[in-house]
Protein chains: 2
Amino acid sequence: MAERPRRRIPEATVARLPVYLRSLVELAGDRVSTTSSERLAELAGVNAAKVRKDLSYLGSYGTRGVGYDVEYLLFQVSRELGLTQDWPVVIVGAGNLGAALANYGGFGDRGFPVVALFDSDPAKIGTTIAGVKVLDQRDIPRVVQASGVAIGIIATPAPVAQDVADLLAAGGVRSILNFAPAVLTVDPSVSVRKVDLAVELQILSFYQQRGPNQAVGS
Amino acid sequence: MAERPRRRIPEATVARLPVYLRSLVELAGDRVSTTSSERLAELAGVNAAKVRKDLSYLGSYGTRGVGYDVEYLLFQVSRELGLTQDWPVVIVGAGNLGAALANYGGFGDRGFPVVALFDSDPAKIGTTIAGVKVLDQRDIPRVVQASGVAIGIIATPAPVAQDVADLLAAGGVRSILNFAPAVLTVDPSVSVRKVDLAVELQILSFYQQRGPNQAVGS
DNA sequence: GGAGCCTCGTGCATCCGTTCACAAAGTCTA
DNA sequence: TAGACTTTGTGAACGGATGCACGAGGCTCC
Ligand SMILES: NC(=O)c1ccc[n+]([C@@H]2O[C@H](COP(=O)([O-])OP(=O)(O)OC[C@H]3O[C@@H](n4cnc5c(N)ncnc54)[C@H](O)[C@@H]3O)[C@@H](O)[C@H]2O)c1
Ligand SMILES: NC(=O)c1ccc[n+]([C@@H]2O[C@H](COP(=O)([O-])OP(=O)(O)OC[C@H]3O[C@@H](n4cnc5c(N)ncnc54)[C@H](O)[C@@H]3O)[C@@H](O)[C@H]2O)c1
């Protein structure tokens, strides 16, 4: 026993776990105590075999003939995703997007409290957005290190995104979510995920143009 | 000749074309007239063999021993992505996120003009955000159809996202970009892409928790 | 005109992810 | 307890994407 790293979990599976989690939360909210892979698949928008295979990477948490216990599975998935603890985040760039993110309550609620905002604009430094102080961008390494921030969100213009990433890394951040349309180069120990809206729209444009056939699922 | 659909372009390739496009725009901005797959790969953050294979799906646009003509390739990639025309978009949900998106100039500039915002809140309907009128959500099908909108962006709370998607589809929208944390069910002819920030953070949390090894690239 | 060099285009092996299909393991009824 | 039924967990086949390695084609310089 005590076999935590059961197997290496495939990247594609990791990307789906949060979706299962959300579906399980929904089920739990409806006072459903047990669910089949079929039902879970429907809620998550995938097929049932995939659900079962994905969950099997975490362990054997189902009961044959019955299904999965919602609360129990909810806990296991949360634990696997590392959501049993809070992960404080900082947002760099207090513009349009940075402010919208800070104002959005959904992060703090889900275990990702925003502990600081950073900007380079003297007019913004010192102000407060959504109850969070806007600090000078040059203080990133110090503040990040001091408050043990693990995740940094980049919402600055693209040309400075790399500089910001370097500052975050210097402070010990090991995960970056990048909204700027720029490719970041970071130490291999740092995880980077990017969200690029222009890219998404252009992908849609491609399939749009290709006529009514072969649309793309997501 | 006249062989437009050269081959079926793999989904993974389509997703990278916008990144190549951005790199090419950057090169063109620096007055670079020719580029190798090596250089392009570096800018796009992928490897050179992948660049060459991806571009080969569009046709033989390179010159052996020389590389690719930046302007020419720029045009070809744009054309393939359907960016030689504008694609008007509408944004549904004029809240935090919807407003930030509307205020962001980068869409109109790149061929995705925001022609309308929709909301259900009477206090918001009739106001103007970033020069765009906020309309009643019930008018979605009519307005979308009348102005030939092809792409809809959903920035409403999750519980109403499906309803909004149905309204968009009713108006003839064939591409949806969904920011609400909800799985949408739509006709197969409609392409859906989702951007889910909570999911992204949770994925980062997973790798964060897994210790300093095996970070995830993006 | 030929040698040497460079870079594209692509066949091929490999890897990763998806899906099928079924045995295993449990529940329920009588 | 037996037998029918349900649903999981997973081996195996398949398909798509990646990366290597090299032949083909083109340039430059002598
Ligand atoms: N707003 C959107 O809807 C949207 C959509 C798609 C992409 N994006 C991308 O997100 C990023 C931010 O967009 P935005 O609309 O919020 O832009 P914005 O101009 O409103 O905000 C950028 C902020 O970053 C600050 N900044 C500049 N240099 C900085 C530095 N070195 N350190 C810290 N802060 C710095 C600026 O002072 C400004 O407050 C951009 O890269 C943009 O391309 C935004
Ligand atoms: N703001 C963020 O940074 C952020 C981050 C992650 C995810 N999201 C997601 O994006 C969505 C929007 O977030 P937000 O922060 O802008 O929320 P918000 O509450 O600020 O805005 C939602 C808007 O949608 C409108 N609305 C409600 N029902 C509608 C309907 N049926 N038709 C049209 N409009 C309707 C509301 O009136 C409101 O103006 C949410 O699903 C949220 O989970 C937002």
Side-chain angles (χ1 to χ4, degrees), chain A residues 3 6-20 23-24 27 32-70 72-73 76-77 80 203 206-207 214 216-218, chain B residues 3 6-17 19-20 23-24 27 32-70 72-74 76-77 80 203 206-207 214 216-218:
Chain A
E3 15 60 69
R6 292 207 159 247
R7 319 180 207 181
R8 198 198 120 268
I9 302 184
E11 211 168 312
T13 295
V14 172
R16 281 188 294 269
L17 289 179
V19 182
Y20 300 149
S23 305
L24 288 166
L27 287 169
V32 175
S33 65
T34 286
T35 183
S36 65
S37 58
E38 196 79 47
R39 176 107 183 76
L40 195 48
E42 192 188 338
L43 290 173
V46 301
N47 83 34
K50 206 182 281 185
V51 169
R52 291 200 298 277
K53 180 146 285 197
D54 284 341
L55 294 180
S56 78
Y57 289 113
L58 313 190
S60 254
Y61 296 143
T63 306
R64 293 168 193 226
V66 178
Y68 299 89
D69 182 275
V70 172
Y72 184 58
L73 189 57
Q76 294 297 345
V77 174
E80 200 67 48
I203 294 171
F206 175 88
Y207 290 105
Q214 79 255 2
V216 68
S218 174
Chain B
E3 17 57 70
R6 292 208 157 246
R7 317 181 206 180
R8 197 196 121 270
I9 302 184
E11 211 168 313
T13 295
V14 173
R16 279 187 297 267
L17 289 180
V19 183
Y20 300 149
S23 306
L24 288 167
L27 287 170
V32 175
S33 65
T34 286
T35 183
S36 65
S37 59
E38 196 77 47
R39 176 101 184 82
L40 195 48
E42 192 188 337
L43 291 173
V46 302
N47 83 35
K50 207 183 282 184
V51 169
R52 290 199 299 276
K53 183 152 289 198
D54 283 343
L55 295 180
S56 78
Y57 288 114
L58 314 191
S60 253
Y61 296 141
T63 306
R64 294 169 192 224
V66 179
Y68 300 89
D69 181 275
V70 172
Y72 184 58
L73 189 58
L74 192 50
Q76 293 298 344
V77 174
E80 199 68 47
I203 294 171
F206 175 88
Y207 291 104
Q214 78 256 358
V216 70
S218 175

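Order of the sequence lines sets the chain letters (A, B, ...), proteins ahead of strands, with each chain counted from 1.
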B/S/- along nucleotides 11-16 of chain D (protein heavy atoms under 4.0 Å) is BB----
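- Summary of the strand contacts: Gly62(B) and Arg16(A) both lie near DNA chain C, and taking for each the nucleotide with the nearest heavy atom, the more 5' one is attributed to Gly62(B).
- Across Tyr207(A) and Glu11(B), no two heavy atoms sit closer than the pair OH-CG, 3.2 Å.
- To the nearest 0.5 Å, the span separating OH on Tyr20(B) from OG1 on Thr13(B) amounts to 7.0 Å.
- As rounded to whole Å, 12 Å separates atom P of dT10(D) from atom CG of Leu55(A).
- A heavy atom closer than 4.0 Å to some atom of DNA chain C occurs in no member of residues 34-43 of chain A.
- Within the 4.5 Å cutoff, side-chain heavy atoms of Ile9(A) are placed close to those of Leu58(A).
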Are there any protein N/O atoms within less than 3.5 Å of an N/O atom in nucleotides 22-24 of chain D, and if so, which ones and at what distance?
unit_1	atom_1	unit_2	atom_2	d
dG23(D)	N2	Arg64(B)	NH1	3.1
dA24(D)	N3	Arg64(B)	NH1	2.8

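- Scanning for side-chain hydrogen bond (donor to acceptor under 3.5 Å, both in side chains) contacts around Ser36(B) gives an empty result, with sequence neighbours left out.
- Ala15(A) approaches Pro18(A) most closely through the heavy-atom pair O-CD, 3.6 Å.
- Each of Asn47(A) and Thr63(A) has a nearest nucleotide on DNA chain C; the 5'-most of these lies closest to Asn47(A).
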With a cut-off of 3.5 Å and sequence neighbours excluded, list every side-chain donor-acceptor pair involving residues 37-50 of chain B.
unit_1	atom_1	unit_2	atom_2	d
Ser37(B)	OG	Arg52(B)	NH1	3.0
Asn47(B)	OD1	Ala49(B)	N	3.0
Asn47(B)	OD1	Lys50(B)	N	3.0

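- In this structure, Leu24(B) CG and Gln76(B) CD are separated by 11.5 Å, a value rounded to the nearest 0.5 Å.
- Here the straight-line distance linking atom CZ of Phe206(A) with atom CG of Leu17(B) works out to 7.0 Å at 0.5 Å rounding.
- Protein atom NZ of Lys50(A) is 19 Å distant from nucleotide atom P of dT10(D), rounded to whole Å.
- Per the geometry, OH belonging to Tyr72(A) stands 15 Å off C1' belonging to dT8(D), to the nearest Å.
- Computed from coordinates, the Tyr68(B) OH to dG26(D) P distance equals 14 Å when rounded to whole Å.
- You'll find the side chain of Tyr61(B) stays beyond 4.5 Å of the side chain of Leu55(B), heavy atoms only.
- Note that OH of Tyr68(B) and OG of Ser33(B) are 15.5 Å apart. Values are rounded to the nearest 0.5 Å.
- Within the model, atoms CZ of Arg16(B) and NZ of Lys53(B) stand 11.0 Å from one another, a figure rounded to the nearest 0.5 Å.
- Protein chain A touches strand DNA chain C; the 5'-most and 3'-most nucleotides with an atom under 4.0 angstrom of its non-hydrogen atoms are dG17(C) to dT27(C).
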